[in-house]
Amino acid sequence: MWFAGWNKNGASYLNENTFGKPVILGADLFTDIPSCFTAHDVANVFAKATAGWLVTPDLRICTDVNTSFNFSQHSFNDSICVSPYLSETKHVKQNLLWTFETRFNFFPEDLWNFNIDSAFTLNYTPVKPLTFALLTAAGYSTENCSNQIRLFRSDRNNAYNLGLANKEVRSGYSNEELSVSRYVMATAEIRWNAFSFMIPPCFPCRIVPYVFADAAYSGKILDAYGIGLYLNFDSPVFATFNFSYGINHNGKGRFSFAAMQSF
């Protein structure tokens, strides 16, 4: 895949049948040029290499090596993360889907301190217009690890699969409050597959409003309750836009937006 736009440019390659075998090989290279020059003085480059094995068509064991570079006229910074993981996506029935992902993140520049993060998701559609979705997750960082786990969507999380990429407490907490060393959490959504329509000449669109509740514990209670809307464009667009607004038990609210597939 090739990307060319305002805040994302680059290429992504993935082959899950390398040499005719269930060998997974892939690589990504992206930059936020040209938008970085209007928003701030720092340009970012992200690169990732992937290697792994499809144990079954649903179960994979892989390792990602992620690097990022941030540079401006005055400084240059880089970071690296080695991330082995196990993931499975299982269609139990036509109307029942679950996913599982466990990931270790090792940081060579941080004396090989690490964190471990796991997520399980379940999607059940008892009748066609209605879907019940559940996400549960937990994570732990070593005591001296400076790379804390993020309970908000970020560039790092977007490299993960559906569960870990979508873990977020969607209310009025700061990113600092949502950067934790250990946590457990659960998210529930009730989605109404409202209606589908075609944008001429050939852009199918699906509108999915939903209600949600997020709850996490990381030494203190973090929660969110609110409403949202998924705007899904199927082939040939392949894009999902997620809008939501939630408040916590302190009455603090926040609007969230993500251009990514839901769990």
Side-chain angles (χ1 to χ4, degrees), residues 10 12-16 18 22-32 42-55 59-72 74-89 99-121 135-169 173-185 216-220 222 260:
S12 176
Y13 172 82
L14 182 67
N15 191 336
E16 297 181 340
T18 308
V23 175
I24 301 169
L25 293 177
D28 296 354
L29 181 64
F30 294 108
T31 178
D32 62 354
V42 179
N44 299 286
V45 177
F46 306 94
K48 182 177 77 170
T50 299
W53 182 266
L54 280 170
V55 181
L59 177 65
R60 68 186 60 206
I61 298 175
C62 288
T63 296
D64 292 339
V65 179
N66 299 284
T67 59
S68 63
F69 307 91
N70 314 98
F71 55 91
S72 67
H74 311 290
S75 64
F76 173 82
N77 298 292
D78 66 307
S79 64
I80 185 170
C81 174
V82 180
S83 183
Y85 70 92
L86 173 72
S87 72
E88 184 171 26
T89 300
T99 73
F100 172 76
E101 182 180 10
T102 294
R103 185 178 289 263
F104 291 85
N105 295 304
F106 295 92
F107 305 97
E109 297 174 334
D110 195 15
L111 301 177
W112 286 96
N113 278 292
F114 70 91
N115 59 50
I116 179 174
D117 220 354
S118 296
F120 173 83
T121 73
L135 180 153
T136 60
Y140 169 82
S141 292
T142 53
E143 184 175 350
N144 298 317
C145 185
S146 61
N147 290 274
Q148 293 187 305
I149 300 170
R150 300 171 180 177
L151 300 184
F152 58 92
R153 292 181 174 96
S154 67
D155 292 327
R156 182 197 302 171
N157 291 0
N158 287 346
Y160 301 166
N161 290 334
L162 296 185
L164 292 179
N166 277 281
K167 69 178 194 293
E168 181 176 25
V169 180
Y173 299 104
S174 66
N175 287 352
E176 289 74 22
E177 292 176 288
L178 296 177
S179 299
V180 300
S181 58
R182 59 203 67 187
Y183 78 98
V184 293
M185 76 168 294
Y217 182 77
S218 62
K220 64 178 180 179
L222 304 166
M260 58 184 290

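Numbering of residues begins at 1 and proceeds along the displayed sequence.
For L54, the side-chain contact (heavy atoms from CB on, under 4.5 Å) test picks out E16, P22, I24, R60, with sequence neighbours left out. Qualifying ring pair (Phe, Tyr, Trp, His ring centres under 6.0 Å) partners for Y183, counting only residues two or more places apart in sequence or in other chains: none. Residues satisfying the side-chain hydrogen bond (donor to acceptor under 3.5 Å, both in side chains) test with T102, not counting sequence neighbours, are S118. Residues forming a side-chain hydrogen bond (donor to acceptor under 3.5 Å, both in side chains) with T99 (at least two apart in sequence, or on another chain): T121. For E177, the salt bridge (Lys or Arg N to Asp or Glu O under 4.0 Å) test picks out K220, with sequence neighbours left out. When the side-chain contact (heavy atoms from CB on, under 4.5 Å) test is applied to A47, the partners found at least two apart in sequence or on another chain are L29, T67. Under the side-chain hydrogen bond (donor to acceptor under 3.5 Å, both in side chains) criterion, Y217 pairs with no residue at all, not counting sequence neighbours. With sequence neighbours excluded, the residues that form a side-chain contact (heavy atoms from CB on, under 4.5 Å) with Y140 are I116, R182. F106 meets the ring pair (Phe, Tyr, Trp, His ring centres under 6.0 Å) test with F114; sequence neighbours excluded. By the side-chain hydrogen bond (donor to acceptor under 3.5 Å, both in side chains) test, S12 pairs with D28, sequence neighbours left out. Here T31 pairs with N9, I33, V45 under the side-chain contact (heavy atoms from CB on, under 4.5 Å) rule; sequence neighbours left out.
Looking only at distances, a side-chain donor or acceptor of N115 sits under 3.5 Å from a matching main-chain atom of N147. In this structure, T142 contributes its side chain and N113 its backbone to no donor-acceptor pair below 3.5 Å. In this structure, the side chain of S83 engages the main chain of F104 through a donor-acceptor pair within 3.5 Å.
Between the OG atom of S179 and the OH atom of Y173 there is a distance of 14.0 Å, given to the nearest 0.5 Å. The CZ atom of F46 lies 8.5 Å from the OG atom of S79; values are rounded to the nearest 0.5 Å. The CG atom of N105 sits 8.5 Å away from the SG atom of C145 when rounded to the nearest 0.5 Å. We find the CH2-CD1 distance between W53 and I61 to be 10.5 Å, quoted to the nearest 0.5 Å. Atoms NZ and OG1, from K48 and T50 in turn, are 4.5 Å apart once rounded to the nearest 0.5 Å. One distance of note links NZ of K167 with CG of D117; it measures 4.0 Å at 0.5 Å rounding.
In this model, a donor atom of one side chain and an acceptor atom of the other lie less than 3.5 Å apart for D32 and N44.
A pairwise comparison of heavy atoms in V184 and A138 identifies CG1-CB, 3.9 Å as the closest pair. Here the closest heavy-atom approach between residue M260 and residue A165 is recorded as CE-CB, 3.4 Å. Here the closest heavy-atom approach between residue E168 and residue F152 is recorded as CG-CA, 3.7 Å. Of all the heavy atoms in A51 and L25, the pair that sits closest is CB-CD2, 4.0 Å.
Contact annotation: the side chain of S141 approaches that of I149 to within less than 4.5 Å [non-hydrogen atoms, C-beta and beyond]. Counting heavy atoms from C-beta on, the side chains of N166 and L135 come closer than 4.5 Å.
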